[in-house]
Amino acid sequence: MSFEVLEPGMLALVQDAGRHGYQHMGVTTGGPMDEFAFFWANRLLGNDLDAPQIEITFGRFSLKANHEACIAITGGDLGARINDQAIAPWRTHHINKGDRLDFTTPVSGLRAYLAVSGGFKPAMKLGSCATVAREGLGGLDGKGAKLAKGDTLEFEKNASFVEAFLPEPEVPDYQQHLRLGVIPGYQYRSFSIVQREKFFSCDYEISQNIDRMGYRLKGDAIHSDLDGIISEGIAYGAIQVPKDGQPIVLMKDRQTIGGYPKIGCLSALDAGLLAQRGPGSSVSFFLSDVAEAEGRRMLFNQRLKTGAPGVR
């Protein structure tokens, strides 16, 4: 059971939920940039939530089905089509042998997630298939390569097709203004009250300098009272501020340690929303706390486990 990659697009990567438990060895987690979309793709199909998927950035990605399959597409609307017929994200679709699946260009959002019933079957390295090119880990062969033309994506035998979808009120709107909660970080108090107020009152623009390691923002510069810090572990979503005062939000393929002061950290769900915005988009921040972030995550996890998606 397999698909063949016809066109690899700008960046298509095999991802599971991430490579955890190795940051003390300098190995980052990798995994999906948008956890909300990733987990829902597997949930719609009844897969294990950690089942490997394809993360497609910017589109221009095409597959041919060598066998019948049931798929789910979530995340950004990248103009997906089956045999040149437009299909909607955030739902399951049936694919016949010989069908062509294309992702064209972004309509809304930046990254789409393609899951197949039963899950893809890539190589596993350190307990995960998450692709981190910089570390040479993950992907189809475990060596960190992005998908290429001619690659074969094997998957488990599919269950019977069930049409399932995420109800419209729960689908994220990737075009609305993004306002994200910031949990204060270790160096939060090294930013004066004036600097904090500037940060929380400014609209930042997402720069051209974005990738799976980090999102560099442009706006009012903020500065810490510290010249630097001893390098320490870096969490997913940490907002570090280098000497130029322009914040950088660290993402899934971040380095594991760093020496810039950090004003705070985004939750994983909020970092996922940021990952769906491209250069030129606007983002602002408000002061949050761990309890709020944990509460949102608990509700999300509960919805995934017990709340049934829409079924027809």
Side-chain angles (χ1 to χ4, degrees), residues 1-16 32-47 51-120 131 140 146-155 158 161-168 170-175 212 272-273 275-278 309-312:
M1 310 288 284
S2 67
F3 290 99
E4 178 188 349
V5 178
L6 301 178
E7 297 294 339
M10 180 177 290
L11 185 66
L13 303 173
V14 176
Q15 298 290 353
D16 57 16
M33 290 280 275
D34 183 349
E35 292 186 5
F36 184 97
F38 175 89
F39 287 125
W40 266 114
N42 277 329
R43 179 69 174 85
L44 290 174
L45 291 169
N47 289 345
Q53 298 179 28
I54 308 302
E55 179 183 83
I56 303 152
T57 302
F58 288 114
R60 300 296 185 189
F61 179 72
S62 300
L63 294 173
K64 175 186 172 184
N66 294 326
H67 300 84
E68 185 180 17
C70 179
I71 64 170
I73 298 172
T74 60
D77 182 352
L78 303 188
R81 308 177 75 85
I82 296 177
N83 298 331
D84 210 31
Q85 297 294 313
I87 58 173
W90 298 100
R91 61 182 57 238
T92 58
H93 300 277
H94 182 259
I95 294 276
N96 289 308
K97 180 179 179 180
D99 282 352
R100 177 174 174 135
L101 173 63
D102 295 287
F103 293 82
T104 56
T105 55
V107 176
S108 173
L110 206 62
R111 294 176 168 86
Y113 292 84
L114 171 63
V116 64
S117 180
F120 292 104
T131 308
L140 287 183
K146 64 182 181 180
L147 293 179
K149 184 175 182 179
D151 280 346
T152 298
L153 300 172
E154 296 184 354
F155 57 90
N158 282 267
F161 174 69
V162 175
E163 186 176 359
F165 60 93
L166 187 65
E168 184 65 29
E170 297 183 54
V171 173
D173 181 356
Y174 298 134
Q175 295 179 316
R212 284 183 50 87
L273 290 173
Q276 290 289 1
R277 268 61 171 189
V311 176
R312 289 177 181 166

Exercise for the section: Output, in order, the C-alpha distance, side-chain angles, deciding distance and verdict of side chain to side chain contact (heavy atoms under 4.5 Å, CB included) for L153 and L147. Expected result: CA-CA 9 Å; L153 300 172; L147 293 179; 3.8 Å; yes

Exercise for the section: Provide the full list of salt bridge (Lys or Arg N to Asp or Glu O under 4.0 Å) pairs with a residue in residues 76-89, sequence neighbours left out, each pair given once. Expected result: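 Pairs touching residues 76-89 that pass the test: R81-D84.
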
Practice task
Provide the full list of salt bridge (Lys or Arg N to Asp or Glu O under 4.0 Å) pairs with a residue in residues 96-108, sequence neighbours left out, each pair given once.
Solution key: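 Pairs touching residues 96-108 that pass the test: R100-D102.
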
Starting at [atom1] of [X], measure out to [atom2] of [Y] and round the result to the nearest 0.5 Å.
{"X": "I95", "Y": "C70", "atom1": "CD1", "atom2": "SG", "value": "9.5 Å"}
{"X": "L11", "Y": "F61", "atom1": "CG", "atom2": "CZ", "value": "10.5 Å"}
{"X": "I56", "Y": "M10", "atom1": "CD1", "atom2": "CE", "value": "13.5 Å"}
{"X": "T92", "Y": "E163", "atom1": "OG1", "atom2": "CD", "value": "6.0 Å"}

Exercise for the section: State which residues pass salt bridge (Lys or Arg N to Asp or Glu O under 4.0 Å) with E170; sequence neighbours excluded, sorted by chain then number. Expected result: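 If we apply the salt bridge (Lys or Arg N to Asp or Glu O under 4.0 Å) test to E170, skipping adjacent residues, the hits are R303.
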
Exercise for the section: Identify, with sequence neighbours excluded, every residue that meets salt bridge (Lys or Arg N to Asp or Glu O under 4.0 Å) alongside R212. Expected result: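 Expected list: E55, D253.
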
Handout entry: Pairwise ring-ring contact (aromatic ring centres under 6.0 Å, His included) hits with a residue in residues 85-111, at least two apart
Key =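 Those involving residues 85-111 are F36-W90, H94-F161.
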
Practice task
For the pair F155 and F120, name the ring-plane relationship: parallel under 30°, tilted 30 to 60°, perpendicular over 60°.
Solution key: perpendicular

Problem - N/O donor-acceptor pair under 3.5 Å between N96 side chain and E68 backbone - result: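 Not at all, since once roles are kept as given, no pair shorter than 3.5 Å links the two residues.
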
Problem - Partner residues of Q15 under the side-chain hydrogen bond (donor to acceptor under 3.5 Å, both in side chains) criterion, sequence neighbours left out - result: none

